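Residue numbers start from 1 in every chain, and the chains themselves are labelled A, B, ... in the order their sequence lines are given, proteins ahead of strands. What you see is a predicted model; the values in this text were computed from it and never measured.
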There are 2 protein chains.
Amino acid sequence: MTIHHQPDREAPGKDLIDAVRAFNRFYTRQIGLLDEGLLKSAFSLTEARVLYELAHRDDLTATDLGRDLGLDAGYVSRLLKKFERRHLISRSTLASDARQSSIALTKAGREAFAPLNKDSHNQVAALLSRLPASEQHRLVKSMRTVQGLLGESAEPKVPYLLRPLQVGDIGWIIRRQGMLYAQDYGWDETYEALVAEILSAFVKSFDPKWERSWIAEREGEVVGSVFIVRKSDQVAKLRLLYVEPSARGLGIGKRLVEECIGFARARGYKTLTLWTNDILTAARHIYQAAGFKLIEEEAHHSFGKDLVGQTWDLDL
Amino acid sequence: MTIHHQPDREAPGKDLIDAVRAFNRFYTRQIGLLDEGLLKSAFSLTEARVLYELAHRDDLTATDLGRDLGLDAGYVSRLLKKFERRHLISRSTLASDARQSSIALTKAGREAFAPLNKDSHNQVAALLSRLPASEQHRLVKSMRTVQGLLGESAEPKVPYLLRPLQVGDIGWIIRRQGMLYAQDYGWDETYEALVAEILSAFVKSFDPKWERSWIAEREGEVVGSVFIVRKSDQVAKLRLLYVEPSARGLGIGKRLVEECIGFARARGYKTLTLWTNDILTAARHIYQAAGFKLIEEEAHHSFGKDLVGQTWDLDL
DNA sequence: CCATTAACTTGACTTAGTCAACTATTTTGG
DNA sequence: CCAAAATAGTTGACTAAGTCAAGTTAATGG
């Protein structure tokens, strides 16, 4: 396991840049087409965007609108004045700040927005229904990906959370471990198979009193995991510690190991043991920092490589 | 598993429509941001789009530009006149039609476009380099998908391709099968564990002469799989047939089964057998259509449910 | 309590885009 | 082959969309 303290930011290739630019041109046109759909309505695209925001969010101020939609403050002011003259919105000065006011659609405003909203809905429905259902899902999934990647990657307040195993996790862990070690160390598919075997056995013989799993999740995605299995009354074994490259540097590895140690102590185990390979230096640092001692090493040939296995123990 | 023989055009659900609309709003803003980048240049976004087209395509007419960029003919005429006055473009009347002329950038035009192009390139490069390399690829892939689906939908010539197993596949299959059967039939995590066990054993004892796997891949994603394992000299067993919901209706399930049958015949097996559950009706239709006969049924309790297992055989 | 900043507002302006009428060609249908 | 219709492009007259800078009022941090 390689731990970077900063996720890498890499200079993109020309082909990637060109693809993004092509997409931008394409979508500029696409939005132009959608805009045309509004032509017959009483509102411009920008007005419709403002109405949309007002219809879907509460307690907006003029500044909020300008910032979120990328509009000039003066322009927003005029738009709102126009809306107010037509009794589509009402403004109430904020108690906390007399310069600002909270803007809300009036009943008339909602009524004016409804057909607009409906047209837009129908237009998109028409667009989508040209595709078979499976493609519709692919489209939306890809859009969500784009939006997720380009959008405010507002670092989540809780950078990750730990939870127990659920359906789908073990497959994911098997895949990611298999791929990571194949990529970083050239291990072959037998490593992925080994992980599958370990996790299959873990689930099948799972004993909740003596065993436990922790999955680190971040924005709905698995970014790390660790497992404790019972070797004997006295000895627990820590297995399959792993952290996604994209989530390294957040202390997830350390936290997972700490959880294991805490659990093992609480259950009265005397020793926590683990097996790893010497090339996995980042993981080793975590074990050392947690107080594990190297017990023995032996060379072995596995996963298509010559490796040096290590056993580490921690007295609890 | 539901198999459609014609891709359905289905009325999209509200959640899909809302997701697309959210994306449209998001990207409208995104393009607005990119537009701001042009502010300091001598050209507006529309002018830049026209220049881009002129720089990258030959023999454009005014009508072509208007059509492809969604611009008013009068406006295009004026833009071109302005460019011509500044000696950025030259026009030559077409021999075939004296009303039209072919428009091309002059040297000065290319020189004026170059910094614009470079700025746009750099801007996109900056955007991309905020993401780690793997995310950059995910972004571009998703953009291509969106563009492919919404654009002049030239149906992909190869809707899917078959390939053998590679690292990461078995984890993915374990995950997806676990999740699908949990979702559709309420099976618990022991099913996922069973799939893990089967695939682990498949990889570990893999005998290329007698066994084989097929992964159906579409745009780089696994959308289906099937495995053949050797039970004896005479008998091959088909295992873990599965097609992603998003890729159903393309005949992938049928194709995977056909591949198995072809392989089993070629290797001289006498019987192809498989085990399934009666509730998996879509899979059963495939097996029946391929000539499999139901040999026996027995009730069993697995994966947290009462099920009826079925054995199907095909004489080769 | 004063200087600075933030949240608007307003006047004066430019740019972007639309619409309809027009000319010059080309295409089409009898 | 010709009249009518359509297409390519141009132009005048216009409106909508957006910008900029200077102003007013209120909040904030020493």
Side-chain angles (χ1 to χ4, degrees), chain A residues 28-29 31-51 53-54 59-86 89-104 116, chain B residues 28-29 31-51 53-54 59-86 89-104 116:
Chain A
T28 299
R29 180 80 188 97
I31 287 166
L33 291 173
L34 295 171
D35 191 8
E36 279 170 28
L38 285 169
L39 268 182
K40 56 181 184 300
S41 88
F43 300 98
S44 73
L45 174 61
T46 305
E47 288 171 331
R49 291 171 72 204
V50 169
L51 288 177
E53 291 298 314
L54 291 173
D59 292 319
L60 281 170
T61 65
T63 309
D64 292 336
L65 281 169
R67 179 183 12 81
D68 295 351
L69 300 179
L71 304 174
D72 176 83
Y75 187 40
V76 171
S77 175
R78 251 181 275 269
L79 278 185
L80 292 178
K81 188 188 279 179
K82 195 159 98 187
F83 285 164
E84 202 168 24
R85 263 204 310 274
R86 291 162 66 185
I89 61 168
S90 62
R91 291 195 250 201
S92 58
T93 305
L94 290 189
S96 60
D97 185 339
R99 293 169 307 177
Q100 303 185 71
S101 43
S102 168
I103 303 160
L116 206 67
Chain B
T28 299
R29 178 79 187 98
I31 286 165
L33 291 174
L34 296 171
D35 191 8
E36 279 169 28
L38 285 168
L39 270 181
K40 59 184 184 296
S41 88
F43 301 99
S44 72
L45 174 61
T46 305
E47 287 171 331
R49 291 170 72 201
V50 169
L51 287 177
E53 291 298 313
L54 291 172
D59 292 319
L60 279 170
T61 65
T63 309
D64 292 336
L65 281 170
R67 180 183 12 82
D68 294 351
L69 300 179
L71 303 175
D72 176 82
Y75 186 41
V76 170
S77 175
R78 251 181 274 269
L79 279 185
L80 293 177
K81 188 187 279 178
K82 195 159 97 188
F83 285 163
E84 203 168 23
R85 263 204 309 275
R86 291 162 66 184
I89 61 168
S90 63
R91 292 195 248 199
S92 58
T93 304
L94 289 189
S96 60
D97 185 339
R99 292 169 307 178
Q100 305 184 71
S101 43
S102 168
I103 303 160
L116 207 66

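- Where L45(A) and S96(A) each meet DNA chain D at their nearest nucleotide, the meeting point lying more 5' is that of L45(A).
- If you check dA17(D), dT18(C), dG9(D) against the side chain of T61(B), the one that comes closest is dG9(D).
- For dG9(D), neither phosphate oxygen OP1 nor OP2 lies less than 4.0 angstrom from any side-chain nitrogen or oxygen of S77(B).
- Taking 4.5 Å as the limit, some side-chain heavy atom of L71(A) sits within range of a side-chain heavy atom of V50(A).
- The shortest distance between side-chain heavy atoms of L54(B) and L65(B) falls below 4.5 Å.
- Scanning atom types as modelled, one donor and one acceptor separated by under 3.5 angstrom connect the side chain of R99(A) and the base of dA6(C).
- Taking atom NZ on K82(B) and atom P on dG17(C), their separation rounds to 10 Å, with Å as the unit.
- Residue D35(B) contributes atom CG, which lies 10 Å from atom P of dG18(D) at whole-angstrom precision.
- With the nearest nucleotide of DNA chain C identified for both Q100(A) and R78(A), Q100(A) has the one nearer the 5' end.
- Look at T46(A) and you'll find a side-chain N or O under 4.0 angstrom from OP1 or OP2 of dG18(D).
- Within the nucleic acid shown, R91(B) comes within 4.0 Å of sugar-phosphate atoms alone, with no base atom in reach, counting heavy atoms only.
- Across all strands, A73(B) comes closer than 4.0 Å to base atoms (heavy-atom distances).
- Between T61(B) and D64(B), the closest side-chain pair of non-hydrogen atoms falls below 4.5 Å.
- For L71(A) and dA16(D), the CG to P distance is 18 Å, given to the nearest whole Å.
- We find that CG of D72(A) is positioned 14 Å from C1' of dT15(C), with the value rounded to whole Å.
- Residue contacts for T63(A): at a heavy-atom cut-off of 4.0 Å it reaches the sugar-phosphate backbone alone, with no base atom in range.
- Look at CG on L94(B): it is 17 Å from P on dT7(D), rounded to the nearest Å.
- Positionally, the nearest nucleotide of DNA chain D for A62(B) lies more toward the 5' end than for the other of D97(A) and A62(B).
- Residues T46(B) and L69(B) form no side-chain contact, since every pair of their non-hydrogen atoms from C-beta on lies 4.5 Å or further apart.
- One atom, CD of E84(B), and another, P of dG9(D), lie 12 Å apart when rounded to the nearest Å.
- One can place CG of L65(A) at 14 Å from P of dG18(D), the figure rounded to the nearest angstrom.
- The heavy-atom pair separating L116(A) from A48(A) by the smallest distance is CD2-CB, 3.7 Å.
- When the P atom of dA16(D) is taken as reference, atom CD of E36(A) falls 18 Å away, rounded to whole Å.
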